[in-house]
Amino acid sequence: MKKLIFVLSMFSAVVIMNGTARADIAQGVKVIVLDAGHGGKDAGAVNGRAYEKDITLQLVLKVGELIENRLPDVKVVYTRKTDKALTLKERSDIAHRSKGDLYLSIHVNSATKTAVGTETCIFSMDESLIAVNRGNGNKDMDRAANYNRNMLTNRHSEDVVDLSQISNDAATRAYINRLQFVLGEYSNALAELIQRNYAKSGRVVRGVKRGPFQVLWGIDMPSVITEVGFLSNTDELHYMTSEKGQAQIAEDIYKAVAEYVGNINKALQKEKADAAAVEPEKPAPAPAPKEETKPKQKDEPARKNEPKPAQPAKPESSARGFSIQIMASATALSADDARFKSHRGQVKCYTGEGSYKYKYCTGFYATREEAQRAVAEIKSEFADAFVIEVDGDRVARK
């Protein structure tokens with residue numbers, strides 16, 4: 001692949017935009033962004049009249065069609081559907097404006113004539129990769145660096161982020177940690193599924209590769225690059241440019257995406273089912289005596305007995321009641337996280353069962369009916385919000 005233009009200054013803009021624009025991944029997979037590598041004057045890898053930019057576009061359109069036909073609840077967004085050039089920032093902007101839940105970039109590899117196989121890449125900036133760029137006197141680190149240098153040779157070193165140019169400030173470190181540890185587990189899950197499906201089709205698989213890939217830098221959602229074969233290999237060139245070969249590659253990628261979406265959505269459904277399967281409500285306590293009404297002033301207009309909106313009660317550490325879940329996550333989040341939108345700083349975290357054990361809720365109500373009346377307003381920001389019963393700091397159990 002030819003050298004990609006990368007602008008480090010895009011980082012700050014991405015962090016500011018993504019912090020307020022995206023909901024947590026635990027809300028499910030509703031939007032998938034498909035990226036055809038290269039385009040326009042940037043042909044990518046070339047072998048005779050075969051151009052990487054054309055193969056990636058053909059495959060992206062085929063994968064997108066499969067998703068649209070077979071996963072009707074998922075929206076597909078394309079970074080490009082024609083032969084046009086896009087910068088990495090433009091691709092990133094498209095992904096985040098669409099509020100994507102998954103980013104899949106398709107590329108074609110190129111090396112020697114005998115190089116063969118598929119690989120899928122995810123973002124990483126661990127110390128062994130830093131050693132690739134900066135050097136290190138530690139023998140163990142040097143061995144790791146040599147391994148990663150060999151891996152990066154196949155991808156071309158100019159396609160990775162120059163780690164020596166990356167700022168070491170707190171915001172940058174937090175962003176890198178999010179890419180690697182918060183989103184990385186989802187990216188790795190999809191990458192493994194893609195490689196598994198390639199293997200089922202008889203392809204040579206080179207495994208999941210990790211590195212500071214420019215294509216994935218600035219993509220604040222689970223994201224992978226899948227390299228569908230080597231254009232420098234004559235047999236793979238014929239396979240990737242044939243209708244039969246492209247149909248199989250697209251099917252392999254689609255099956256991996258479908259399984260990933262299914263796994264995420266099943267986990268979320270189980271979370272909701274577990275939260276809904278709570279004990280029957282206890283009898284409500286006797287109503288408190290009514291306060292003595294004050295005589296109306298002469299100029300005070302008569303008021304209708306309109307129902308008042310539900311007001312959240314003040315939760316206590318040992319209180320049992322109801323709250324409105326707006327988000328769930330596999331990892332702990334700060335109450336000030338921007339993804340909580342207008343409820344930032346006001347959410348309470350309850351722990352529950354399953355992969356997404358951290359349940360982020362707003363409001364506390366004595367009865368389910370009160371909480372249910374308040375849900376409508378919350379849904380204007382969090383469409384999947386629902387009522388759960390809580391007991392102290394945990395989701396109530398049966």
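Positions are given from 1, in the same order as the sequence printed here.
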Side chains of [X] and [Y] in contact at under 4.5 Å (non-hydrogen atoms):
{"X": "S323", "Y": "T362", "result": "no"}
{"X": "K81", "Y": "L61", "result": "yes"}
{"X": "L34", "Y": "V77", "result": "no"}
{"X": "R344", "Y": "D337", "result": "no"}
{"X": "L216", "Y": "I225", "result": "yes"}
{"X": "I106", "Y": "V228", "result": "yes"}
{"X": "Q214", "Y": "L88", "result": "yes"}
{"X": "L237", "Y": "N233", "result": "no"}

May I ask you to check whether [X] and [Y] show a side-chain donor-acceptor distance below 3.5 Å?
{"X": "S92", "Y": "H96", "value": "yes"}
{"X": "Y103", "Y": "D35", "value": "yes"}
{"X": "Q248", "Y": "D252", "value": "yes"}
{"X": "R203", "Y": "N197", "value": "no"}

Assess whether side-chain contact (heavy atoms from CB on, under 4.5 Å) is satisfied between K255 and L66, documenting all intermediate values.
-> CA-CA 9 Å; K255 285 181 178 178; L66 291 174; over 6 Å; no

Can you check whether [Y]'s main-chain N or O pairs, donor with acceptor, with [X]'s side chain at less than 3.5 Å?
{"X": "K209", "Y": "R206", "answer": "yes"}
{"X": "R91", "Y": "I219", "answer": "no"}
{"X": "R320", "Y": "A366", "answer": "no"}
{"X": "D83", "Y": "G39", "answer": "no"}
{"X": "Q325", "Y": "C361", "answer": "no"}
{"X": "E52", "Y": "A45", "answer": "yes"}
{"X": "K30", "Y": "K75", "answer": "no"}
{"X": "S329", "Y": "A332", "answer": "no"}
{"X": "S187", "Y": "P222", "answer": "no"}
{"X": "E236", "Y": "G229", "answer": "no"}

What is the distance from atom [atom1] of [X] to atom [atom2] of [Y], rounded to the nearest 0.5 Å?
{"X": "R394", "Y": "T351", "atom1": "CZ", "atom2": "OG1", "value": "4.0 Å"}
{"X": "H107", "Y": "L59", "atom1": "NE2", "atom2": "CG", "value": "12.0 Å"}
{"X": "I32", "Y": "L104", "atom1": "CD1", "atom2": "CG", "value": "8.0 Å"}
{"X": "N265", "Y": "Y260", "atom1": "CG", "atom2": "OH", "value": "10.0 Å"}
{"X": "Y186", "Y": "D101", "atom1": "OH", "atom2": "CG", "value": "11.5 Å"}
{"X": "Y78", "Y": "L57", "atom1": "OH", "atom2": "CG", "value": "10.0 Å"}

Should we count NZ of K379 as having more than 12 external heavy atoms under 6.0 Å?
->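 Enclosed.
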
Might you confirm whether atom CD of E377 has over 12 heavy atoms from other residues, nucleotides or ligands at distances under 6.0 Å?
->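 Result for CD/E377: open.
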
Grab the two heavy atoms, one from [X] and one from [Y], that are nearest each other, plus how far apart they are.
{"X": "A50", "Y": "T241", "answer": "CB-CG2, 4.5 Å"}
{"X": "Y365", "Y": "A374", "answer": "OH-CB, 3.4 Å"}
{"X": "F322", "Y": "A371", "answer": "CB-CB, 4.0 Å"}
{"X": "S110", "Y": "F230", "answer": "N-CD2, 3.8 Å"}
{"X": "V215", "Y": "S105", "answer": "CG1-OG, 3.7 Å"}
{"X": "G37", "Y": "T56", "answer": "O-OG1, 2.9 Å"}

Working for side chain to side chain donor-acceptor pair (under 3.5 Å), residues R210 and N188 = CA-CA 9 Å; R210 294 166 177 81; N188 186 70; 2.6 Å; yes

Compute the ring centroids of F340 and Y360, then answer whether they are less than 6.0 Å apart.
->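 Yes.
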
Evaluation steps, side-chain contact (heavy atoms from CB on, under 4.5 Å), between L102 and V33 | CA-CA 6 Å; L102 183 64; V33 181; over 6 Å; no

Could you tell me which residues satisfy side chain to side chain contact (heavy atoms under 4.5 Å, CB included) with E381, sequence neighbours excluded, listed by chain and number?
->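 Here the qualifying residues are K341, S342, H343.
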
Taking only residues two or more places apart in sequence or in another chain, which ones pass side-chain hydrogen bond (donor to acceptor under 3.5 Å, both in side chains) with Y198?
->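 With neighbours one apart ignored, the set is T226.
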
Could I get the full list of side-chain hydrogen bond (donor to acceptor under 3.5 Å, both in side chains) partners for E259, not counting sequence neighbours?
->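 Here no residue qualifies.
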
Should L231 and V116 be counted in the same cluster of Ile, Leu, Val, Met, Phe, Trp and Tyr side chains packed under 4.5 Å apart?
->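 L231 does not cluster with V116.
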
Run the side-chain contact (heavy atoms from CB on, under 4.5 Å) check on Y254 and I67 step by step: do they pass?
-> CA-CA 7 Å; Y254 163 75; I67 295 173; 3.8 Å; yes

Would you mind telling me which of K244, K200, R70, K62 makes a salt bridge (Lys or Arg N to Asp or Glu O under 4.0 Å) with E251?
->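 Going through the options one by one, the only one that passes is R70.
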
side-chain contact (heavy atoms from CB on, under 4.5 Å) assessment of E90 paired with R80 | CA-CA 10 Å; E90 287 172 331; R80 68 182 182 97; over 6 Å; no

